[in-house]
A.B. asks: 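Right, I'll just put the structure down here and ask away after.
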Amino acid sequence: MGGLNCANCASKIEDKVSKMNEIEEAHLNFIKSTLNIKVKEGYKEENVVSKVTKIVDKIEPGLDIVVKDENYSDNKDMDPNKYCSSSSCSAGDHDHNDSDGHNHEHGDSDLKILLIAISLYAVGLISNYFGAPKAIYLLLLGSAYIISGFDVIKSAVKNLINRNPLDENFLMTIATVGAIAIGQYPEAVGVMLFYGIGEYLESRAVNKSRKNIEELMNIKPDVANLIVDGEVKEVAPENIKIGDHIMIKVGEKVPLDGIIIKGESRFDTSAITGESVLKSISQGEEISSGVINKNAVVEVEVTKTFKDSTVSKILDMVENATSKKSETENFITVFARYYTPVVVALAIAVAILPPIFMQEPFSKWLYRGLVFLVVSCPCALVISIPLSYFSGIGVSSKNGILVKGSNYLEALKKVDTVVMDKTGTITKGVFDVTNIVLGKGIEEKDLLKYANIAESRSSHPIANSISNYCKDKVSMDSSKIDSYEEIASHGIKVGYEGKEILAGNARLMTANNIDFQEIQNSTTKVYIAVDKIFYGCIEISDQIKDGMRATIQQMKSVGINKIVMLTGDSDNVAREVSDEIGIDSYYAELLPNDKVDLIENIISEKKPDSKVAFIGDGINDAPVIARADVGISMGGVGSDAAIEASDVVFMTDEVSKIVPAVSIARLTGKIVWQNIIIAIGIKVLVLILSTVGLANMWAAIFADVGVTLIAVLNSLRVLRYK
Ligand code: ADP
Ligand code: MG
């Protein structure tokens with residue numbers, strides 16, 4: 001046992017290891033009980049790992065360390081599972097640790113020991129009540145004490161040898177031994193017993209939540225059915241190569257990203273997107289790993305290795321999320337560092353000063369001081385707060401919202417301004433050609449030919465739409481393109497067979513001194529010029545995404561008061577879109593730099609302690625995403641640049657995810673604060689009451705393990721979102 005102090009020592013371990021010369025960074029994930037270290041170049045991993053192991057062992061002896069070499073060759077995962085996660089350490093049944101059975105036994109034996117101790121304790125108290133000889137009473141209570149406190153006392157001794165006197169086991173031992181010394185037998189034994197019971201229950205609760213969180217993120221496929229020469233072979237997804245063909249049977253999880261090459265089926269995408277409606281995907285269409293095949297066998301050609309597939313990316317992101325800590329977590333770390341020494345110092349003062357200066361009886365004040373020691377662990381906060389954030393991140397991911405750190409979850413809570421890109425974010429980014437205007441003496445097929453050539457290499461939604469439209473009408477030879485330049489927020493300049501083709505908005509034409517007629521209406525326009533001669537204009541229009549108006553209403557109802565649209569498109573288009581969906585303000589005809597400047601302005605004007613989120617589709621808005629307080633990209637883990645730059649990723653193309661994202665963040669924040677207030681409040685109350693003689697050891701043990709249990713259970717409420 002003695003897990004609780006681990007919560008405390010966890011931060012000590014992290015601290016110590018980070019300060020090693022050989023270590024670039026170290027993150028201890030208390031919830032997952034792993035220590036992630038990055039070894040600096042030039043150091044030998046084995047040596048560093050054994051050094052780290054020594055540090056860990058010194059701070060918390062008797063630890064089970066499993067060294068795992070995951071993903072990167074310079075990343076070590078240690079699993080201090082068996083000991084270092086609250087009390088659950090000792091009873092931890094962490095999946096990674098293949099010793100499930102063993103751990104269960106361990107948990108059961110803890111329970112058996114506790115039950116024996118409780119029985120002895122109860123019989124002792126009853127026998128005393130009925131006037132049995134004192135010797136029997138003391139023998140029964142004494143054995144209950146030793147049985148329930150054996151592990152605690154053992155750790156206390158070890159920690160003392162390691163000169164770590166502020167260890168919780170040690171303080172608990174002093175408190176109970178002190179109580180025995182002044183003749184408070186039932187309380188001393190009771191405190192040790194309830195400490196054990198509390199730790200046991202906490203370990204159950206923490207493990208349960210770990211399990212729940214793991215289930216939430218149970219998207220990892222077990223096998224891939226590789227098709228070799230018409231036969232199906234079960235292979236680990238890690239061993240599949242790009243271009244391999246795999247079969248997805250009904251009921252199976254798609255193991256890797258790919259394209260369906262045979263068949264069609266409906267897929268449950270809820271684990272990835274949080275959407276419960278089934279999605280039909282047929283031949284030729286892309287399919288993401290992690291979705292579940294619901295009704296027919298399909299064959300998939302793999303387009304990404306397992307490491308680059310959606311599932312791995314999501315898991316990586318969520319698992320690394322805890323290394324970016326929220327301000328509240330940092331506060332708790334600092335708080336924990338000072339809390340114990342301060343309370344211990346107060347305990348000594350309370351026990352010593354009144355007897356010396358006020359001629360008070362020593363035993364009375366010693367008792368009050370001992371009460372202090374019982375509440376001297378900040379464990380309730382150290383365990384429950386990271387757990388709350390991790391739960392929040394888990395629930396978000398279940399809802400198709402990947403949050404890349406606790407700090408972003410904390411920031412989301414405070415979002416009251418949302419800035420959005422227009423094309424691809426508010427609108428579908430799929431343009432229909434609505435009208436074609438030809439330049440003087442130009443034929444439509446020539447206009448389309450050059451438009452098609454110009455747009456062939458761009459990934460902008462406009463380009464995709466025009467290429468689609470032109471596909472069957474004209475042909476081109478892309479090998480004849482001799483230069484290509486995409487001018488952000490203007491359009492495209494292409495050299496083709498010695499000709500210069502320009503395709504873009506009016507700004508592009510003006511900038512190149514093209515003589516053209518500007519058309520005034522609310523369509524998006526792509527003007528085309530070839531060798532400075534105006535060829536015409538393709539008018540296209542985009543559709544607003546379904547339910548945008550309702551989304552804007554919902555955003556307002558969760559307190560997002562300011563909603564702003566940014567676009568590089570014309571003022572006409574911007575006005576029409578913003579009127580239609582009902583947003584407060586827009587800025588049009590922006591260059592990418594203008595967007596960055598604008599977001600900076602908006603951030604500088606925001607209320608203190610509120611946050612500005614930017615939502616974009618990741619196409620040409622990565623700089624703005626990076627600049628916002630909370631940068632959000634949409635549409636899954638497709639575009640690497642956007643994922644890199646963003647703090648939050650919506651797995652679907654829907655802006656509406658901002659509503660659950662903010663709600664989950666608020667729920668998490670609320671629970672975190674409840675825990676802080678409950679834990680600090682009750683502890684301080686007990687300290688005050690004890691000083692004036694109104695709180696006894698029973699109150700103190702409740703303020704310690706009872707409060708921790710309440711805080712942990714309260715954290716679990718995050719998992720019940722929706
Ligand atoms: P948004 O802010 O709406 O996402 P962008 O900044 O991406 O828009 O683009 C602004 C404008 O630049 C577009 O409305 C269009 O007129 C022009 N443009 C950008 N890329 C292209 C392209 N590939 N082809 C034609 N025009 C383009
Ligand atoms: Mg855009």
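Counting starts at 1 for both ligands and their atoms, following the listed order.
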A.B. asks: Ligand 1 and V526, any nitrogen or oxygen pair closer than 3.5 angstrom?
C.D. replies: no
A.B. asks: Please say whether T524 places an N or O atom under 3.5 Å from an N or O atom belonging to ligand 1.
C.D. replies: no
A.B. asks: Ligand 1 and S489, any nitrogen or oxygen pair closer than 3.5 angstrom?
C.D. replies: yes
A.B. asks: When you compare ligand 1 with E455, is there at least one nitrogen or oxygen pair between them that comes in under 3.5 angstrom?
C.D. replies: yes
A.B. asks: Under 4.0 angstrom from ligand 1, any heavy atom of K595?
C.D. replies: yes
A.B. asks: Could you work out, with side-chain hydrogen bond (donor to acceptor under 3.5 Å, both in side chains) as the rule, every residue matching E539, not counting sequence neighbours?
C.D. replies: N435, N521, T523
A.B. asks: Heavy atoms only: which of T423, D421, N505 is nearest to atom 11 (C) of ligand 1?
C.D. replies: N505
A.B. asks: Find the distance between SG (C537) and CD1 (I436) and round it off to the nearest 0.5 Å.
C.D. replies: 9.5 Å
A.B. asks: OG1/T305 to CG/D244 distance, rounded to the nearest 0.5 angstrom?
C.D. replies: 11.5 Å
A.B. asks: Counting only heavy atoms closer than 4.0 Å, does ligand 1 sit against the backbone of I492, its side chain, both, or neither?
C.D. replies: side chain
A.B. asks: To the nearest 0.5 Å, what is the distance between CD1 (I603) and CG (L598)?
C.D. replies: 11.0 Å
A.B. asks: With a cut-off of 4.0 Å, which atoms of ligand 1 are near a heavy atom of G504?
C.D. replies: 25 (C), 26 (N)
A.B. asks: About how many Å separate CG of N512 and NZ of K493, when rounded to the nearest 0.5 Å?
C.D. replies: 5.5 Å
A.B. asks: Mind checking whether I462 contacts ligand 1 via backbone (N, CA, C, O), side chain (CB onward), both or neither, at a 4.0 Å heavy-atom cut-off?
C.D. replies: side chain
A.B. asks: Find out whether the Lys NZ or Arg CZ of K525 is both under 6.0 angstrom from the six-membered ring centre of Y527 and within 45° of the ring's axis.
C.D. replies: no
A.B. asks: Side chains of E329 and S326: any donor to acceptor distance under 3.5 Å?
C.D. replies: yes
